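These numbers come from a predicted model, not from an experiment. Values below: every heavy atom of this structure, side chains too, minus hydrogens, waters and symmetry copies.
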Amino acid sequence: MENSKKYSLRFVLENYALYIIMALMIIIIGMMSPKFFSLRVLRDILMQSSTRIIVAMGCMFILVSGSADLSGGRTVGLAAVVAGSLAQKADYYIKFWPSLPEMPVIVPLIAAILIGLLVGLANGFSVAKLKVPSFLATLGWMMVAYGANCLYSNKPPNNSQPLGGFLKSFTDLGTASFLSVPYIIYIAIGVCIVVHLLLTKTCLGREIFAAGSNSEAARVSGINVFKIQMITFAIAGVCYGLAGCLEAARTGSATSTYGNGYEMDAIASCIVGGCSLTGGVGNVFGVFFGVLIFNVINYGLTFIGLSSYWQYVVKGLIIIFAVSIDMRKYRRND
Amino acid sequence: MENSKKYSLRFVLENYALYIIMALMIIIIGMMSPKFFSLRVLRDILMQSSTRIIVAMGCMFILVSGSADLSGGRTVGLAAVVAGSLAQKADYYIKFWPSLPEMPVIVPLIAAILIGLLVGLANGFSVAKLKVPSFLATLGWMMVAYGANCLYSNKPPNNSQPLGGFLKSFTDLGTASFLSVPYIIYIAIGVCIVVHLLLTKTCLGREIFAAGSNSEAARVSGINVFKIQMITFAIAGVCYGLAGCLEAARTGSATSTYGNGYEMDAIASCIVGGCSLTGGVGNVFGVFFGVLIFNVINYGLTFIGLSSYWQYVVKGLIIIFAVSIDMRKYRRND
Amino acid sequence: ETPTAGVIWYNFADTFIQNARQTLLNVAKADGTVEIVDADSQNDIATQTNNINNFYTRGIDYLVLNNINTAAISEIVQKAKEEGVVTIFANTDSPSDEDFANYDGLYLVSSRAPQSGTIMGEAAVKYWKEHPEADRNGNGKMDYIMLLGLTWHYDTQVRAEYSIKAVEDAGIATNQIGGEVVAEYNRGQAQEKVAALLANFSDDIDIIFACNDDMALGAIEALKAGGFFKDEASFLPVCGVDATVVGCDALRDGTLLVTSLNNPVTLGKAIYKTMYLLENGKEVTTETLNMKGATVEGHRIWLDYTAITKENVDEAAYDITDTTF
Amino acid sequence: MQDSEFILEMNHISKSFPGVKALDDVTFKVRRGVVHALMGENGAGKSTLMKCAFGLYHPNEGEIRFDGQPIRLVDTRDALNYGIAMIHQELQPIRTRSTMENVWVGRIPYRKMMGIHWVDDQKLYSDTKKLLDELEININPRTKAGSLSASHCQLLEIARAVSYDAKVIIMDEPTSSLTEVEAELLFKIIKKLTDKGVAIIYISHKIDEILKIAQDVTIMRDGKIVGTWPAEELNTDVIVKRMVGREMSNRFPPKKHIPGEVCLEIKNFSSANEHSFQDVNLLLHKSEILGIGGLVGAQRTELVESIFGLRPIKSGKLILNGKETCIRKPKDAISNNIALVTEDRRLSGIISKFSVMENIILANQTANPKTYMKGLFLDDKKRKADAEKYVEALSIKTPSIRTLIQYLSGGNQQKTVISRWMLTDPEILILDEPTRGIDVGAKYEIYCLMEQMAMEGKAIIMISSEMPELLGMSDRIAVMCEGRLSGVLDSKTATDEKVMFLASSYEYAMEE
Ligand SMILES: Nc1ncnc2c1ncn2[C@@H]1O[C@H](COP(=O)(O)OP(=O)(O)OP(=O)(O)O)[C@@H](O)[C@H]1O
Ligand SMILES: Nc1ncnc2c1ncn2[C@@H]1O[C@H](COP(=O)(O)OP(=O)(O)OP(=O)(O)O)[C@@H](O)[C@H]1O
Ligand SMILES: OC[C@H]1O[C@@H](O)[C@H](O)[C@@H](O)[C@H]1O
Ligand SMILES: [Mg+2]
Ligand SMILES: [Mg+2]
């Protein structure tokens with residue numbers, strides 16, 4: 001009895017370490033400032049997490065398939081700028097495309113997604129066909145995407161100014177709410193559900209896992225690894241494109257620096273959420289939670305007024321601490 | 001005959017693809033601007049590569065041992081600032097440590113190396129003992145190092161301003177020459193030779209390779225994988241620390257942003273040079289060359305006056321192109 | 001052989017820099033006296049060091065340096081002297097009098113960075129005095145959030161310092177909320193940080209200073225989401241710097257209190273004209289330069305920041321395609 | 001339209017790798033519905049030939065015909081589409097996925113809805129269950145492949161190959177990690193398949209098996225075909241002679257060693273893993289070869305790995321030469337002169353990116369670095385000399401000692417790992433399935449080396465699932481069953497039946 005109880009407590013602690021640490025963090029912050037326990041804070045955190053969740057979902061595909069993707073951030077940036085440039089009011093005085101009429105919100109959305117898809121396909125082709133290691137292939141296309149973004153943004157009359165003057169229908173995407181929950185949160189959760197279904201319930205998903213876990217075994221079993229890699233990179237690209245569009249809508253602006261660093265945040269969140277850089281593992285809930293934990297740390301530390309410098313230190317230590325506790329679950333049997 | 005000749009040309013093209021591409025690049029740039037063929041350009045490129053080479057050597061240890069290291073850049077930064085703060089002239093008007101006397105150049109050098117070592121040991125312990133995935137462990141310590149750097153730099157009277165007023169003996173480390181070759185180039189080449197000998201000619205080196213290639217087999221063969229990981233991270237840290245000190249000496253300055261992004265450049269150079277993210281492979285010459293090719297691209301594109309936006313695009317495309325050609329050598333036999 | 005100027009900007013991704021750069025390129029192309037090649041330091045001192053070196057190797061007649069290595073100014077000047085290249089420090093911390101004495105070919109073309117901070121501070125003081133309700137928690141102190149750009153960046157440092165200095169010089173006590181809030185000149189980051197601070201300190205915050213417009217606009221978005229800017233009563237003063245297009249939009253909307261213009265066109269033209277005058281063997285004086293808002297003191301050419309508010313927002317317009325000088 | 005008596009024909013196939021001509025004008029024809037054995041020494045080119053037939057390698061020359069028609073295999077999908085399936089010698093399962101997904105990977109049953117292929121998990125499960133039941137394989141379809149033992153992985157591979165409904169199934173050493181009981185199972189499966197007209201290409205080094213199940217036998221040597229014969233015309237000696245190229249009268253060297261005093265004793269050894277071995281007591285003498293027999297899952301591997309410090313124990317004592325010794329990690333074991341050749345050479349044996357030389361000297365170099373150093377640095381001469389000694393002693397077939405081990409044939413990789421440990425000159429050598437995948441000639445050489453070590457006073461523990469080996473080499477045979485030691489037999493009196501009996505019940509008193 002005694003023994004089994006001890007075992008089960010330890011079991012819970014080890015298996016839910018991350019959740020427990022996050023709960024503790026929330027409790028500590030809440031004790032320092034009870035306002036933390038509010039719907040508003042919850043909504044803020046979810047909102048701030050939403051585009052990152054979408055990026056992380058894209059990134060998860062890549063990690064599960066056994067590659068790495070550094071192009072996420074810059075693709076978000078490129079998509080944001082392109083979407084923004086197509087979402088301006090007709091009478092805005094430095095309109096990016098002066099001759100274009102006002103367009104329904106679907107146009108910038110589709111454009112952003114297509115941009116993402118394009119980068120994704122370029123990545124996929126370089127990795128799957130040209131056999132460039134994914135780290136380098138996506139680094140290369142990241143540079144191209146960023147360069148293209150700078151060139152695009154610099155086009156007169158914009159001349160690298162932040163884009164603004166977006167249509168309300170567009171900014172609503174990122175700021176308006178339904179039942180006091182911002183659309184953007186629905187969208188992020190929707191993406192999570194789709195990704196979850198895709199990865200766990202469809203043949204494609206299973207093949208992605210198989211190819212990522214052991215591409216040699218997948219190949220000899222007749223899986224078209226080339227196709228799988230193209231599709232994963234394409235899906236990831238679509239996620240980045242969507243996130244870019246939402247990022248522009250949410251902030252009401254876009255510049256070429258948008259998205260910078262998101263790829264690292266995404267990879268980190270995925271790994272905290274249980275993905276591995278060697279491929280073949282990952283689940284939507286873990287990654288969702290991985291993003292959340294980073295955003296709770298970010299938000300919480302700012303919330304209590306900790307200086308940015310200390311935030312870096314504390315954040316780094318929390319990550320190492322939390323993950324090292326979390327890792328104990330894999331060591332139980334030796 | 002016919003056949004064998006064809007084979008051998010193809011063989012050369014495939015096996016030396018990167019070198020050939022670099023040679024072509026140099027020839028093209030030289031044709032656009034003949035001044036490129038000068039000793040001064042060569043010296044510039046080597047000088048600009050030198051700290052990068054040292055960082056990449058550190059990074060190579062980590063990759064060979066089967067981990068990844070994101071902390072390189074920020075460790076360089078921290079070491080640069082600490083070294084700089086100990087290398088100021090006694091009468092400099094915003095002296096970081098007003099009460100310290102002028103010290104011999106060995107003091108900041110040792111301090112920088114110790115800082116690097118410290119970060120390295122922290123990384124190593126987190127990976128080897130706490131079993132935190134190296135990506136997250138080094139990401140965490142990178143944040144801590146950066147936060148510490150910001151806090152340190154922000155100390156009055158410095159208030160986050162770039163450190164300057166270094167002793168000549170210190171800046172000489174990075175700028176003075178012997179036989180018209182800058183010291184810093186000797187140092188970088190010296191580091192390469194030491195690393196080469198260490199990796200290929202010592203038991204430790206072979207054990208690092210073994211542990212990186214198949215850690216389970218290495219463990220069964222009596223290799224202390226914990227020790228190996230600690231040592232590799234420590235060596236890498238020492239390289240970063242040294243590089244940080246030299247970076248401060250070379251630029252005559254140091255701020256908390258020093259080294260930002262060096263880790264990615266280093267990893268990219270290593271992979272171009274033949275390392276793999278899955279561990280167990282890598283050689284000094286390849287990595288040396290990997291760094292060089294990036295620096296030739298950077299230098300050359302600036303030299304011909306290509307706008308930096310186009311540089312991103314061109315650089316990204318060159319990397320993908322060059323590496324995809326290079327990869328053909330692995331496909332010769334199916 | 002047309003003389004060549006090697007121009008090094010700290011970061012092409014910076015809107016202001018980009019416009020100054022473009023202006024300089026346009027003017028040079030139209031005029032043809034001096035040819036421009038430029039390089040991007042990508043916000044990194046080591047890269048800047050490389051760039052300087054590369055230009056010397058390549059061979060240039062003028063070096064225009066948007067310097068970020070403010071700790072090594074004397075060394076840079078010394079090296080320029082040795083290379084015999086006329087050097088213009090552009091929009092950065094000024095070399096010292098000794099440096100100018102040391103090298104005759106040294107010039108500075110720059111805004112007075114502290115002005116941008118002072119303009120924010122003075123606008124804040126004006127607002128504070130005109131609006132007794134501005135002390136929202138009634139503690140008699142101006143409770144502010146300071147959004148920092150890149151921490152070590154000279155502009156950030158002086159903007160933060162001089163805005164608060166102007167407030168305190170006016171006899172108003174201040175209180176900083178949230179410590180150093182670093183948002184890297186970035187709108188999204190500022191938005192997220194301010195949202196978090198608002199959730200906790202909503203009733204205390206009296207004003208937000210931002211070291212550039214992008215961060216100010218991020219703050220405004222967060223404030224809007226936090227229930228501000230619904231009407232007169234829910235106004236909260238936010239100050240920015242740069243007078244970007246979107247910044248001016250916010251002035252017109254009545255959300256941004258003040259910004260200041262460091263006119264990139266003036267900077268680009270002043271740099272070019274300085275070289276033009278030197279090429280033609282003329283001295284650089286306020287008169288020979290003959291540009292609005294530019295005053296010459298010895299080899300220092302100072303450009304004024306202009307305070308921009310809702311009233312004079314049209315003055316913020318500039319045209320980078322204008323090549324007259 | 002059966003216009004050919006052969007289902008698969010490979011004509012004049014050649015294939016080269018850098019430094020080796022692996023296949024040299026090989027012609028190989030397989031009749032319908034028969035078991036066609038392919039035999040040859042390690043490195044003869046058997047796997048390479050089969051990889052060509054499966055589209056994994058592309059021959060430099062030659063033609064492949066299927067059902068009389070010439071075919072071109074761009075990749076394995078083409079082979080599978082034609083109806084060629086393969087059990088791979090060196091393939092790992094998809095460790096992170098379930099058994100059932102491993103079986104059906106690439107062909108997962110689905111239901112189409114809204115144009116999307118939704119996995120039909122129920123069918124996936126029931127199909128797998130049905131298949132496994134039919135084959136009498138006892139694995140839960142939902143078990144993760146990564147947690148299956150080597151033999152279960154092999155059974156999984158077999159199930160997968162069968163599931164394709166192929167016309168030709170290539171089996172590359174399917175029984176190398178199976179015990180005899182499981183091998184019998186495979187033979188039953190093969191019988192069923194051939195009855196349905198499926199042709200089986202069967203590669204094995206176990207001659208008894210071949211004689212039992214094959215109709216045709218092709219023998220290869222050095223990348224060439226020696227010939228093809230009906231199995232009834234052959235016997236062990238003929239096969240060996242044709243494979244090795246010389247007569248081999250004995251399968252085992254004569255036992256000359258005489259066991260001496262006790263050198264290792266384990267008392268009440270229990271694994272920290274409660275599902276593994278419990279309360280094991282065992283003695284090992286100098287100059288003794290102690291065999292350990294048992295069925296798959298008997299926890300033999302766990303036991304020896306615990307002795308070696310690879311796995312933690314909960315309780316028990318280990319007494320080495322009369323002294324109680326604590327071994328927590330392999331390094332401790334090695335410094336006590338214990339060596340272990342592990343069961344799974346891919347997982348814990350070879351360093352695939354190392355050369356043959358470095359693989360051979362790895363353990364010894366780690367334990368005694370000074371041996372290989374000249375001044376501060378490693379001395380290649382000494383390293384080379386040691387490596388070459390064993391390449392010769394075990395006739396490891398490799399273009400050079402600098403060739404990466406991953407390019408060696410399976411059997412030669414195994415020999416390399418064995419040499420690694422022999423080189424450390426241990427007092428106690430533990431071998432876990434040492435001759436897995438090794439040809440008869442090389443086996444004999446390994447047995448000779450074991451005998452020689454025993455003569456020198458060393459002790460050897462050998463886990464083996466090959467009954468002849470167990471009976472032929474051991475002085476005593478410890479038999480395990482479900483984590484318990486069920487008995488120790490003296491090999492002079494031991495028989496197949498006695499071992500099998502003990503292997504299936506541990507409530508049996510010690511004999512001795
Ligand atoms: N990918 C490869 N690269 C280089 N050499 C190879 C490769 N694959 C096989 N070889 C070489 O081809 C020869 C034949 O190898 P193969 O694997 O076909 O032997 P095998 O008959 O299956 O032997 P075993 O009984 O040990 O499995 C060997 O000398 C081997 O070293
Ligand atoms: N329940 C299990 N979960 C995970 N791994 C297992 C389990 N059972 C056995 N294994 C692994 O399978 C391998 C062989 O298992 P075990 O020791 O039970 O068999 P054995 O009798 O040694 O068989 P063999 O004759 O194949 O060596 C070991 O590496 C062991 O860790
Ligand atoms: O000079 C650097 C800084 O310049 C400011 O004018 C600008 O607002 C900031 O974005 C920052 O770039
Ligand atoms: Mg107040
Ligand atoms: Mg084989």
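- Residues B/Thr302 and C/Asn54 have side chains that never bring a donor and an acceptor to within less than 3.5 angstrom of each other.
- Shortest non-hydrogen contact noted between B/Leu163 and C/Ala71 is O-CB, 3.0 Å.
- Contact check for B/Arg40 versus C/Tyr56: side-chain heavy atoms found under the 4.5 Å cut-off.
- Contact detail for C/Arg58 and B/Phe303: the closest heavy-atom pair is NE-O, 2.7 Å.
- Here the side chain of B/Asp44 pairs no donor or acceptor atom with the backbone of C/Thr57 at under 3.5 angstrom.
- Other residues, nucleotides and ligands place no more than 12 heavy atoms under 6.0 Å from the NZ atom of C/Lys165.
- Chosen from B/Gly164, B/Ser153, B/Cys150, B/Gly84, the residue pairing most often with chain C at heavy-atom distances under 4.5 Å is B/Gly164.
- Each of B/Gln161, B/Arg43, B/Glu247 has some count of heavy-atom pairs under 4.5 Å with chain C, and the biggest count is that of B/Gln161.
- Chosen from C/Asn53, C/Thr70, C/Ile45, the residue pairing most often with chain B at heavy-atom distances under 4.5 Å is C/Ile45.
- Listed options B/Ser256, B/Ser253, B/Gly165, B/Gly252 were ranked by heavy-atom pairs under 4.5 angstrom with chain C; first place goes to B/Ser253.
- Residue C/Glu161: no heavy atom, backbone or side chain, is found under 4.5 Å from chain B.
- Atoms CG and CD, on C/Asn51 and B/Gln48 in that order, are 8.0 Å from each other to the nearest 0.5 Å.
- Counting heavy atoms of neighbouring residues, nucleotides and ligands inside a 6.0 Å radius, atom NZ of B/Lys155 exceeds 12 of them.
- For the atom pair C/Gln157 CD and B/Asn154 CG, the distance stands at 7.0 Å (nearest 0.5 Å).
- Taking chain C as the reference chain and counting heavy-atom pairs below 4.5 Å, the highest number among B/Phe36, B/Phe166, B/Tyr312 is found for B/Tyr312.
- If you measure heavy-atom distances from C/Asp44 to chain B, the contacts under 4.5 Å come from the side chain alone.
- Of the possible polar contacts, one joining the B/Tyr309 side chain to the C/Phe12 backbone as a donor-acceptor pair under 3.5 Å is found.
- Interatomic distance, OG of B/Ser160 versus CG of C/Leu150, reported as 11.5 Å (0.5 Å rounding).
- Residue C/Ile68 touches chain B through its backbone alone, counting heavy-atom pairs closer than 4.5 Å.
- Using a 4.5 Å cut-off between heavy atoms, C/Gln48 makes no contact with chain B at all.
- C/Glu35 does not touch chain B: none of its heavy atoms, backbone or side chain, sits under 4.5 Å away.
- Within the model, atoms OG1 of B/Thr257 and CG of C/Asn43 stand 6.5 Å from one another, a figure rounded to the nearest 0.5 Å.
- Considering only heavy-atom pairs separated by less than 4.5 Å from chain B, the leading option among C/Ala39, C/Ser74, C/Ala46 is C/Ala46.
- Contact of C/Phe55 with chain B is not made at all, since no heavy-atom distance falls under 4.5 Å.
- For B/Arg250 and C/Asn50, the side-chain atoms include at least one donor-acceptor pair closer than 3.5 Å.
- Residue with the most contacts toward chain B among C/Val182, C/Asp40, C/Ile76: C/Asp40 (heavy-atom pairs, distance under 4.5 Å).
- How far CD of C/Glu75 is from OG1 of B/Thr175: 9.5 Å, rounded to the nearest 0.5 Å.
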